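So that the names make sense, note that chain A is the first sequence line, chain B the second, and so on, each numbered from 1. Computed from a predicted structure; not experimentally measured.
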Amino acid sequence: MAGAAEEIRVGERVVRVSSPDKPYFPERGLTKLDVVRYFLAVGDGILRALRDRPTMLERWPRGVFEGAKIATRQDNRGDAFYQKRLPAGAPDWVRTAHITFPSGRTADEVAPSELAVVIWAANLGTLRFHPWPVSAADVERPDQLRIDLDPMPGVEFAQVVPVAHEVRAFLDELGLTGYPKTTGGRGLHIYLSIEPRWSFGDCRRAVLALGREMQRRLPDLVTTTWWREQRDRPVFVDYNQMSRDHTMASAYSIRPTPRALVSAPLAWAELDDARPEDFDVVSMPARFAERGDPHAGLDEGRHSLEPLLELADREGLEAPPER
DNA sequence: GATATGC
DNA sequence: GCATATCAACGCCGG
DNA sequence: CCGGCG
């Protein structure tokens with residue numbers, strides 16, 4: 001019978017997938033079950049990106065179709081929505097982390113401990129996962145520094161690449177190792193494992209210091225100006241991404257656009273020839289099977305933030321008020 | 001997508 | 001049993 | 001109150 005729910009074994013768990021034939025990316029002919037199979041195929045990778053991190057779900061339970069939009073604060077209606085708090089009816093093996101928002105309000109957010117949690121979330125229509133840069137073990141001290149190279153409208157991925165190389169060179173000078181990934185759009189994210197010893201404020205200040213250094217080195221390419229109107233350079237280093245409650249879509253997350261592009265972890269050697277549009281729900285499983293996860297080493301060496309904080313101090317950087 | 005309700 | 005409604009994000013700032 | 005900011 002078409003449309004019957006399926007039960008999929010994931011490790012020790014059995015996860016129900018309802019409406020497996022439902023079109024999720026109609027232009028690509030991809031169904032909800034195809035999405036589930038994608039996440040299974042990149043399982044080790046996406047679990048590495050999410051494990052034990054408080055994670056916001058971006059749910060598209062009606063699929064991605066022409067004109068579909070996500071609900072916002074002022075417009076409740078929407079075909080999709082973000083979900084910070086644990087969905088009602090979750091199995092008891094879905095773990096959470098208790099996180100605190102800037103206002104002081106709190107929430108119990110999903111913190112995936114095993115791949116079955118990812119698949120359970122996929123059944124709820126989750127395409128993108130937005131993990132905090134912290135572990136459930138210490139939700140106040142980031143263990144990951146995230147650098148967001150955000151191209152302005154009309155700027156191509158290729159223009160971000162030289163900035164990424166300069167970031168890598170600078171990190172290398174400081175003895176730090178970053179790991180790049182495409183966003184699935186035109187941007188690039190660079191992640192760095194750090195010891196969980198510093199506050200969100202210090203981490204944000206560290207990324208601001210790095211951004212300002214890039215601005216000095218590549219004045220024609222880089223801006224760190226928050227206000228769009230004043231961003232007169234092609235690449236914005238978004239240091240506010242290290243603010244509390246700010247998250248980036250994880251590696252292997254699926255963009256809610258017709259082509260089903262995904263955020264693709266890269267080796268540095270791949271960067272010059274990489275094309276974000278080559279990585280999607282269909283192509284990524286083979287790539288992952290062949291070469292594994294380029295971010296496999298991300299957590300192996302945790303770095304000190306001191307070099308960047310010393311730079312921030314030398315520059316007299318105060319983190320501007322967060323907005 | 002899941003749940004609660006009302007018929 | 002089926003149809004219908006409801007819910008599922010964070011917050012601050014400036015005009 | 002609404003729009004801008006991610």
Please indicate whether A:R37 has more than 12 foreign heavy atoms, meaning atoms of other residues, nucleotides or ligands, lying under 6.0 Å from its CZ. no

What integer distance in Å separates A:I70:CD1 from C:dA8:C1'? 10 Å

Here the distance between atom P of C:dG11 and atom CH2 of A:W226, to the nearest Å, is 16 Å

Using a 6.0 Å distance limit plus a 45 degree cone around the ring axis, check whether A:R146 lies over the aromatic ring of A:Y191. yes

Touch check for A:R105, heavy atoms < 4.0 angstrom, all strands: base, sugar-phosphate only, or nothing? sugar-phosphate

Describe, in one word, how the ring planes of A:F129 and A:F39 are oriented to each other, choosing from parallel (under 30°), tilted (30 to 60°) and perpendicular (over 60°). perpendicular

Under 4.0 Å, heavy atoms only, any strand: does A:T72 hit a base, just the sugar-phosphate, or nothing? nothing

Classify A:D238 by what it touches in the nucleic acid, base, sugar-phosphate, or nothing, heavy-atom distance under 4.0 Å. sugar-phosphate

Rounded to the nearest Å, what distance is computed from the CD1 atom of residue A:I99 to the C1' atom of nucleotide C:dC10? 9 Å

When you check the phosphate oxygens OP1 and OP2 of C:dC10, does a side-chain N or O of A:R85 lie under 4.0 Å from one of them? yes

Look at the side-chain N and O atoms of A:R244 and state whether any lies under 4.0 Å from the OP1 or OP2 oxygen of C:dC10. no

Quick one: side-chain hydrogen bond (donor to acceptor under 3.5 Å, both in side chains) partners of A:D138, sequence neighbours excluded? none

Whole angstroms only, please: what is the CZ-P distance between A:F81 and C:dC10? 14 Å

Of the listed C:dA8, C:dG11, C:dC10, the closest approach to the A:Q83 side chain comes from C:dA8

Return the value, rounded to whole Å, for the distance between atom CZ of A:F101 and atom C1' of C:dC12. 15 Å

Any side-chain to backbone donor/acceptor pair from A:D150 onto A:F236? Under 3.5 Å, distance only. no

Quick one: A:N240 CG to C:dC10 C1', roughly how many Å, whole number? 14 Å

P gap between C:dA9 and B:dT3, integer Å: 16 Å

In whole angstrom, give the distance that lies between atom CG of A:D79 and atom C1' of C:dC7. 15 Å

Provide the distance between the two P atoms, one in D:dG6 and one in C:dA8, to the nearest whole Å. 26 Å

Atom-to-atom span, CH2 of A:W120 to P of B:dG1 - whole angstrom: 14 Å

Is the phosphate of D:dG3, meaning OP1 or OP2, less than 4.0 Å from a side-chain N or O of A:R228? no

